[in-house]
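Chain letters run A, B, ... following the sequence lines, proteins first and then strands; every chain starts at 1.
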Amino acid sequence: VKIWLVAIALVMACGEPREPGVVLWHAYTGLERDALEQSAATWNREHPTTPITLVAVPYDAFADKLTSAIPGGNGPDLFIYPHDRIGDWSAAGVIEPIEYWVDDARAERFSNEAIEAMAYKGSLWGLPLAVKSLAMYYRTDLVDHPPASTDELVALGPKMHAAGGFALAYANVDLYGHAPWLHGFGGRVMDDDTLMIATPEAATAMSFARSLVAGGVVPADAQGPLVASLFNEGRAATVMSGPWFVTDIAKGVPWKVAPLPIVSATGKPAAPFLGVEGILMSARARDKDLAFAVMDALTSDAQATMRARVARQVVANVRAYDEPDIASDPVLAAFRAQTTVTMPKAPGMRMVWTPYRTALGEVLAGRADPAAQLLSVEREVHRYLEHL
Amino acid sequence: VTRDAADLLRRQLRDFGVAALLAIVVISTAFVAVRNRELASGQIELASRAVTAIASTPSAAAPIETVPPGVHAVVVGPATASTARPYLRRREVVDERGGSSTGRRELGGASAGADDKLFYDLASRIERDGGVAELLPDGSGRAIAGKIVEIMHDGSGRAVVVERSPAGAIAIAVTAEARPAPYPFLVVIGVLGLGLALAAAGGLVGGRAARLGSFAGISTLAVPALLWHAWVAAAVIAVVALAVALAQRAQLTDRLFTGIRRHKTALGFLAPAALAMLVLVATPFLIGIILGFYDHHHGTWTFVGFDNFIEILSGGGHPLDDPMNFWFILGVTVLWTAANVMLHVTIGVLLALALSRKWLVGRGVFRMLLILPWAIPNYITALIWKGMFDGEYGAINSLLHLFGLDDVSWFGSWATAFAANVATNTWLGFPFMMVVALGALGSIPRDLYEAASVDGASAWQRFRHITLPHLRPALGPAVALGSIWTFNMFNVIFLVSAGKPGGSTNILVTDAYRWAFERGERYGMAAAYATIIFLVLLLWTVFGTRIVRSKDADA
C-alpha cells in the first residue's frame, strides 16, 4: 500500500503546474552573471507575483538542451544567446518573433547593428543585450603604441622572437579568431544564404595566417588559456581577444586595448566577427506578453547602464554611453571603435565552424594548400545544407 | 466432475484475462491515434470553411453567421513597414468575424485581442515563406501551395488556416480549443463483458468449444478497432486470439502458468533486476536501433528506412582515404584495437612475470604502483597525457629537447597522433591484463616447473610450454573484453587527439558522437552508427573469440 501511495504522490508531483513568472536560461559566468542577477532582483522586487527565475546552463550544452527542451514544452520562456543561431531556430519554430510588440520608439535605444543582428527574414527575434567582438590588447611595457598595420605587427616579430616571445597571440585555429584576417583581406563566410567560403581572398587570408606562424610572429595552435599565460608572462606583446579577456589578465600587467590593425596588403581594417547576445523568446513561452515585458525591462536604459558598470559589458543599448563614466571607459571605447562584420545567422552557418577549423589546422601546420582546403570546406558545408 | 469443470473455467478465464490486457493496450493506442487524426481533420475543416467564407464574402455583403461557431477569422491588410527598420511592421485587421470586435483596427497596441499576436505572426509567416504546407502531427500532410494549414504546436488542439489573396490581403482563421473525445470506457467494458461471456461459455462446454470460446472471446475485443477503421490493431488482436487458442490446444498456457506458480519465489527475486534491465538496458537499446531508421531535424523525426545505413556503408560519397568515409574510420578503429590489445597483453604479461618472482624486494609496493593507472578515472589520465603531448609546452617535447632532439608536433600527423592515443590507452590498459595474468600465474602448480627443470628444460621452454598454456584460459576472455572496451574507448580519442589531424584519428564511437552533436544534430545517423558498431562487436564476440578459443585447443 505504501508503494502505491508513494507512486501516486510522485505522479501528482509531476503533474503540478509551474508557478507563474518567467524562466530565463543563460550561460553567463562571473561579473556578467552578477549583473544579470542584479537585473532580475530589480524586476522581482517590482513584480513579486511574476518573478524571473534564472537558470544557469553551461554554454557547451546550451543549444542542444534548448532544441530538445523547447519543442517538448519543457524549455525556458526566455534565454540569452548570441544571434548566430536565429536563422536556424526561426526556421524550426523554436523561437518566437517579437516585432508585434516593438515599434521604432522602442527600437531606437539599440545600436543599429545590434538590433539588425536580431532581425531575420523580415521579423525581429530578440532584443540585444551586448555585443562581443575581438580587439587588440597590448602590453604597454613591451610596445608603446598598438601596431597600426599588419606590417608593423610583423616587424615587431623578430624583436619579440629574440626574447623567446611572439608579437601576437590569438586562437588562430578557430574561424572566430581567424575572421579578422579573412575580412581584412576582403573575404567572407557567407552572404545572406549564399556560401562564399572558397574565394581567392579567403585563401590569401589563410596564407597570411600561415606566414605569421611560419615567421614566428604568432605561436602555432594557441588556445585561450595559453594566450592568457603568454600575455601575462610578457611573452606575447599583443593579443587578439574579446571583452572576456580582461578578467584573464594578471594583476600588475600594464595593458591597454585598441582596435585591430589595418591589413597592409589591402588597406582595410582587420574586422572580427560581431556576435550580438540577445534575449530570445521560446515559441512555447507560457505567458508571452509577460515574457516580452521582461525582455523589455532587462534591456532598458537603467539595466544596460548597470551592466556596463558592473560587468563592463559592451551593451547594445546606446543610451548607456550617455553616462560620462561609461563613455570614458577606455576598454568599452576600444571595442565600440572596432570595425566588425556581423556574424552570419543563416541556418548553414553553424555547419561552417568545424570543417573550417580542420582546414585552418592543416594550413597553419603547413601541410595543405589554402585554396584546396577551402574548397573542401565549402563542399562539406554544402553536404550538410542539403540535409537542412 | 464439478471440480474439473470449475478448474477448466478458471483456466479459461485466466487465459482470457492475459490476452484481454494485451488487447486493451492495443485498442487504446489505436483509439488515441484515430481520435487525434479525426480531431485534427475536423478542426482543419472548420478553419478552412471560415477562411473561404471571410475571403470570398466581406462582412459588409454577408451576414456574420458565415463563419462556423467557435472559429475566429480575420482579414489582415498589407503591412506598412518602418522606413528605418523594415523588420518592424504595422498590420491592420480590415475584416473580422467570430471575435469580440468588428471593423478595422490595428493589430497590437492597447486594444490587443486574445488572438492578435497569432494573427500578426501568421501574416508575417505567409509573407516570409509564401505559405508552406506543414505535416500534421498525425502524419497526414496536406500539400497546399500558398496556404498554411496546421494544428498549433502548443497542445491546445487549435487549427489554423491562412490564405493569401493575390491583392496582398491575408485571410486567417483559427478554431477554438478542442478537447479530444473521451476514452470510450463503456464500449470497452461492453466488449470485455461480451468476450468474457463467450470465453466462459466455451470453458463450461470444454474441449474444442473451450478453444473456440477463447478465440471468439478475444476476437470480440477487435470489434471497436474495426469500427474505428484501425485495421492493424484489429489484425493484431485477431492474431493474439488465434495464438491463445492454439497455445491452449498444445496445453502451453497451462504449462506456463504451472511453471510460474512453481517458481513464484525465484521469479519474485528476479523481478526487480529484470525490470531494471528492461528499463535501463533493453528499452534504450531498442529505441537506439529504431532511431537509426529515422532522420532528425529540429525535434521532428522522419522515417527514412535504410537511408542512414546506406549513407554510412557507401562511405557517403567520400573517397576511401577520406576520414569522413566509414570504411576508413573502421580501418582506424580495428588498427587501434589491435595495437592496443597487443601492447596491453605484452606489457601486462611481462610485468606480471616480473612481479611473480619471489626474490623481488617490495613486490607489494610495485604491484600497487602498477595498478594505479587503472584506479585513476580514465578521462583525467587522458587529459594529463594530452597536456604532455602538447606541441610547444608539453612534457614529452621538453624531454626530447633535453636529448637535443627536435620538437614533434604530435597531433600534426596521423602516425604521431595515433601513437599518442595508443600510448595513453596502453598506460590505461596494461594494469588489467597484468592483474589477470598475475592471478593465472599464481595458480600454476610449482611442481610442474620442478619436473621440467629436472628434465632439463630451458627457461624459455618452461615459459613456452608451461606458463603460456596456463595463461591462455585466463587471458582469452580478458582479451575479448579488452578488445571491446578499446573498440569503444571514447574518452581517450575524444580527449587526447580529438580526431586530429583532420578527423583522421577518429574511431567509430567518436565519429558517431560527431554526427549527433557537431554535424547538425543528425541523431538518426548517430543511432545507425551505434547499431553498426553493435553488429561489428557482435560478430567479433561470436567469431573472434571462437578463434581465440580454438587456439587454446591447439595448445
(message) Taking atom CZ as the centre, does B:F293 end up with more than 12 heavy-atom neighbours from other residues, nucleotides or ligands that are less than 6.0 angstrom away?
(response) yes
(request) Report the distance from atom OG of A:S123 to atom CZ of B:R125, rounding to the nearest 0.5 Å. (result) 11.0 Å
(message) Please report the interatomic distance NZ(A:K288) to CG(B:L118), rounded to the nearest 0.5 Å.
(response) 8.5 Å
(message) I'd like to check A:I115 versus B:Y87 (side-chain heavy atoms, cut-off strictly below 4.5 Å). Are they in contact?
(response) yes
(request) Mind checking side chain to side chain donor-acceptor pair (under 3.5 Å) for A:S282 and listing every partner two or more places apart, or none if nothing turns up? (result) none
(message) Once side chain to side chain donor-acceptor pair (under 3.5 Å) is applied, do any residues pair with A:Y120, and if so which ones, sequence neighbours excluded?
(response) none
(request) May I ask you to say whether A:E116 pairs ionically with B:R85, meaning some side-chain N is under 4.0 Å from a carboxylate O? (result) no
(message) With heavy-atom distances below 4.5 Å as the criterion, would you say the side chains of B:Y120 and A:E99 are in contact?
(response) yes
(request) Just give me the residue among A:G93, A:A107, A:S68 that pairs up with chain B most often, heavy atom to heavy atom, under 4.5 Å. (result) A:A107
(request) Give the member of A:D289, A:D103, A:T358, A:D64 that has the highest number of heavy-atom pairs under 4.5 Å with chain B. (result) A:D64
(request) Could you have a look at A:I70, A:L226, A:L124 and say which one has the most heavy-atom pairs with chain B under 4.5 angstrom? (result) A:L226
(request) Answer yes or no: is there a side-chain heavy-atom contact under 4.5 Å between A:W101 and B:K117? (result) yes
(request) Any chance you could measure B:L88, atom CG, to A:Y100, atom OH, to the nearest 0.5 Å? (result) 14.5 Å
(request) Heavy-atom distances under 4.5 Å only: say whether A:P355 touches chain B with side chain, backbone, both or neither. (result) neither
(message) Please classify the contact between B:S124 and chain A as side chain, backbone, both or neither, with a heavy-atom cut-off of under 4.5 Å.
(response) side chain
(request) Give, as side chain, backbone, both or neither, the part of A:Q373 having an atom under 4.5 angstrom from any heavy atom of chain B. (result) neither
(message) If we define contacts as heavy-atom pairs under 4.5 Å, which of A:P97, A:A365, A:A359 has the most with chain B?
(response) A:P97
(request) Could you check which of B:R514, B:H318, B:R90, B:M324 has the highest count of heavy-atom pairs closer than 4.5 Å to chain A? (result) B:H318
(message) Looking at B:F303, I'd like to know if its CZ atom is crowded, meaning that more than 12 non-hydrogen atoms belonging to other residues, nucleotides or ligands lie closer than 6.0 Å.
(response) yes
